[in-house]
Amino acid sequence: EGCGVVGERGTKGLAFLKTFAGVVGNEANAAGTDAATIQSVVDAKADQVAPVIEPESRGIRRFTRLLSTRRAKKEDPPDPAGARVECEHPNNSLYTFTGNLDVPKGAYDGPLTEDDVHLFPDSKKKLSLVPYNVLLRGSSLRNTEWVLGVAIYTGHDTKVMMNSSAAPSKRSQIEYGMDRVVLMMLLLLLTMGTVTAIVCGVWIKNDSLKNWYLRTDTADMVFDPTNAPLVGIVAFLTSYVLYGYLIPISLYVSLEFVKVMQATVFINQDRALYHAETDTPMRARTSNLNEELGMVHTVLSDKTGTLTCNSMEFFKMSIAGGSYGAGVTEIERAVAKRNGNPLPPAPTHDSKGAPVKSGPIEPGFNFKDSRIDGGGWMTHAESRVFVDFFRVLAVCHTVIPEGEPKPATVCYQAESPDESAFVVAAKRFGFFFKARHTTGIDVEEPESIDNETVSSSTTKRFDILNILEFNSTRKRMSVICRTPEGTLVLYCKGADSVIYERLRHVPGGQTHAESTQAHMDNYAASGLRTLCLAKRELTKTEYDAWNETYTEAAQSLEKRDEKIDACAEVIENDLELLGATAIEDKLQDGVPQCIEQLMRAGISVWVLTGDKQDTAINIGQACSLLREDMKTHVININELIKLEGDRLISKADFDTQGREQVRDQIKKGIELCDECSAKGIDMGVVIDGRSLAFALEPNLAPDFLSLGTGCVSVVCCRVSPLQKALVTGLVKDSGKITLAIGDGANDV
C-alpha cells in the first residue's frame, strides 16, 4: 500500500504516471523493456492518461501510440512480459486479502511442477497472494534493510485509510437526560412565545384603540393595529428573548467544569490508582463518562491478558501415553488456599542439596522432568514418537527467528506467546529452530547423547510445501512439509475437540488416545491451556492430487477462504495422535481481590474465555468468581456432543435435542436463581460454547439474559470471538450500563 502520494485523485496521480512512463521509456533500450508493460499497468485509466501525457521522449511516444492503437482496434492488451498482479477491489478488511501473482518462469526461483515444465512451458507461474504478503500502510521493516514491492492500493484506497473514521462520541446518561430536559424546555419556550404572539396580535388589532391613551393609531410597526401579523412576529421574538432564561445553558458549563475537576484533581492524583512496578499513574483520557463508573451494572472480561499476564510458559506435556513435567501451578495453589487446604511452598533445594532456581528456566519455558532433561527421551521405547512430537513444535508455526542463530542468542518473533513458547520448548528439548527461508526452515536436531547430555546434533532442512493457518473457526493449524528423510508429512496442532474427531479410525481407538485425554483433563483442572499434536504421512500421489485442488482454491479470487477450508478438511483427516502440551498463563496480581470487591459492590462479572470447562471453572475459583458459599449452575450438552462425535446421532437431531436441553437448563437455572435470591445466596453460571450457541438464538436469548443478570458471575467457556461479540451486544442492549474489557470489547 502506498503512502498517500501515488494514486490520489487529481494532479498527483497524473504526475506520477507521467514520471513513471518517462523513466521506463528512457530506459527501454537498455533494459529491454517493451512499452506494453507500461500499458498493462495503466490500461484501465488509458482514457484519462493518454491526453494528459505529452510525448517528451521516444518511450512516451511509443506508449501513447500503442494506447491509441489498442483503443481504435478494441483489442485485448497482450500479456505483459513482466509480472502481473490480480487482486480484489479496495476494501476495509485489514486481515484478509485475495490476489494472484503471475510470474515468468525464468524469474521464479521456487519449485515447478511437471505441468509447469512440460504442459505449459510458455505460460507464467501463478502464485496465490495471502494477507501476510501485504504490507499495510504505516508498516515498519524488520530483519531486512530493503524490499522490492508493488503498490496495489494507494491514497484513499488503502485499507488503513478506508478504516479510518472519526472517534465515536461517548456520552453519559446524565448528558442524555439533560438533552431531553433542554429540548422540553425549548418546546415550552416556543409554545409560550407562540401564545404570547397570538394574544398580542389579536389584542392590538381589536382592543388597543379603545385605550386612547396608548395612542396605537400613531404607533410604529411594533404596535400597528392595521398590521396584526407583523405585530405577532415582533411579539414572538420579544417573548423568546424575555423567556430565554428557561434554557439552562450555564448548567452544561457547570457540569463540564465539575467533570474536568474530577478527572484532573481526584482521579489523576489518586495514589491508590498508581502502579509502582511500571511507574504508571492513573490518566483519565476523557471526562465524559466519570459518573458512569459508579453506575456500572455488568463487567465483561476476557481471560487472557486481562485476568492473566499473557505470559505463556511451557509447563507439562503428554507423549505416547506418558505425562511429563513436575510442579504446581499458581491456580492450583490459589484454589487449594481458598478451599482451606493450602499446598506446601515449592522446594528450594533438590535431592542433592543444590538450590532450585525459582521461576521459569528461560522466558516461555518452565518445564522440569529428569526423564526428559539432557536427551533422556532418546532411550525411550517410543523415541520415534518423541521425535515427531518435538518436530511438530519446531516446524508447525509461523515464527521468525532474529539475531545470531545460536540457542543462547536467538530471539523469536511470534504472532502469539503460545507459538513462541512452543518453539522455545523445542529448542530446550534439542530441536533448535535456526532459520526460515522462502521455501523451508532449518532445524538442528540431536543425534546422540553422552553422559545424559546431547553430544552431537545436525542441521536439517524441512521443505515447507503448504501452511494451513489457524483461525478461530478451524481451531487448528497444519503444515505440510518434506522431511529430511524425504517423506511427505502433515504436522497438525489444535484443540482436542477438533483433533480427536479427525484421528484415524482404529478398532478400539488409537493406542494412547484415552490416556492422553485423561492427562489433558488433569492439565485443564490445574488451569493449564492444552493443545493436541498429531501428524499424518502422505503419499506423493495423494498429495499431488490434493495440492492441485488446493492450488486452484488458493488462486481463486472469489470465496477463497471457504474453498481453502474445504480443502483443509480433506487432508486434515486420518491423523495419528502424538500427544498434548500444557501451557501456564499466570494470574495477574490482585485479580481475586479486585473481583471480590466488584461483587461486593453489586456488580455482575462475566468472563468470556476459550478454555475448556474444567479450566474455566478452576480459574473462576482462583479468581473468586466461583466461591464455596455460592450456588453454581452448569449448562452444557456434553452427552449429546459425545453422541454426535461417535456419529450415533445426526446433525439435525443434535440441533433439535441440544436446543431443548439448553432451554430446560436455562429455565431450571432461573428457578434456582429465584430460590437463591429469596435465601440471600449468591449464584454463578457456567456455560460452554456449544450450549451458548443455542442460548444466543432469538427465542432463548431473553431467558439467558434474565438468568445471567440474576447471577453475580457468569463464566462462558469454549467461546469463539464472534460469540464474545454476541454476548457483549446482548448484555449491552439490555439497557444496563456495561463495561467491556479485553476481547469482550475489541471483538465488537
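What's counted below: heavy atoms across the whole structure, side chains too, no hydrogens, waters or symmetry copies.
- Residues Ile467 and Met477 are in side-chain contact: their nearest non-hydrogen atoms beyond the backbone lie under 4.5 Å apart.
- Checked by atom type, the side-chain pair Ser556/Lys563 shows a donor-acceptor distance below 3.5 Å.
- Of the possible donor and acceptor atoms, none in the side chain of Thr158 sits under 3.5 Å from a partner among the backbone N and O of Arg137.
- To the nearest 0.5 Å, atoms CD1 (Ile603) and CG (Leu598) are separated by 5.0 Å.
- Annotation: the span from Lys126 atom NZ to Asn100 atom CG amounts to 5.0 Å, rounded to 0.5 Å.
- Note that OG1 of Thr549 and CD1 of Ile564 are 12.5 Å apart. Values are rounded to the nearest 0.5 Å.
- For the pair Asp585 (side chain) and Ile583 (backbone), a donor-acceptor distance under 3.5 Å is absent.
- Distance check, rounded to the nearest 0.5 Å: OG1 of Thr609 to CZ of Arg718 gives 9.5 Å.
- A donor-acceptor distance shorter than 3.5 angstrom exists from the side chain of Glu292 to the backbone of Gln173, with no hydrogens or angles considered.
- Classification of Lys259 and Glu175 as a salt-bridged pair holds, one side-chain N sitting under 4.0 Å from a carboxylate O.
- In this structure, Ser311 contributes its side chain and Cys309 its backbone to no donor-acceptor pair below 3.5 Å.
- Annotation: side chain of Leu129 is in contact with side chain of Val85 (closest heavy-atom distance under 4.5 Å).
- Looking at Leu101 and Asn133, their side chains never come closer than 4.5 Å, going by heavy atoms from C-beta outward.
- If you take CE on Met295 and CD1 on Ile174, they are separated by 6.5 Å, rounding to the nearest 0.5 Å.
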field: Glu572 vs Lys475, salt bridge (charged side-chain N to carboxylate O under 4.0 Å, His left out): CA-CA, chis, key distance, verdict
entry: CA-CA 12 Å; Glu572 291 174 329; Lys475 296 183 179 180; over 6 Å; no
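- For the pair Cys716 and Gln723, the minimum side-chain heavy-atom distance is 4.5 Å or more.
- Residue-environment remark: CZ (Phe257) stays at or below the threshold of 12 foreign heavy atoms within 6.0 Å.
- Counting only distance, with no hydrogens or angles, the side chain of Asn268 and the backbone of Ala284 share a donor-acceptor pair below 3.5 Å.
- Not a single donor-acceptor pair under 3.5 Å links the side chain of Arg529 to the backbone N or O of Asp611.
- Aromatic ring orientation, Tyr412 versus Phe433: parallel (interplanar angle below 30°, classes split at 30° and 60°).
- Between Asn547 and Thr551 there is a side-chain heavy-atom pair separated by less than 4.5 Å.
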task: Please test Thr398 against Glu419 for side chain to side chain donor-acceptor pair (under 3.5 Å), starting from the C-alpha separation and ending with a verdict.
output: CA-CA 8 Å; Thr398 57; Glu419 282 208 327; 3.3 Å; yes
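- For the residue pair Lys159 / Asn92, no side-chain donor-acceptor distance below 3.5 Å is found, with atom types taken as modelled.
- In this structure, CD1 in Ile480 is found 12.5 Å from OH in Tyr491, a value given to the nearest 0.5 Å.
- A side-chain donor-acceptor contact under 3.5 Å links Arg560 to the backbone of Ala554.
- By the neighbour-count criterion of 12 heavy atoms within 6.0 Å, atom OH of Tyr252 is densely surrounded, having more than that number from other residues, nucleotides or ligands.
- Side-chain contact between Ile571 and Leu468: present, with at least one pair of heavy atoms (C-beta onward) separated by less than 4.5 Å.
- Under a 3.5 Å cut-off, the side chain of Glu88 and the backbone N or O of Gly99 do not form any donor-acceptor pair.
- Screening Val731, Leu696, Val719, Leu692 for a side-chain contact (heavy atoms from CB on, under 4.5 Å) with Leu726, the sole residue that qualifies is Leu696.
- Between Thr308 and Lys303, the closest side-chain pair of non-hydrogen atoms falls below 4.5 Å.
- With a 4.5 Å cut-off on side-chain heavy atoms, Phe470 and His397 do not count as touching.
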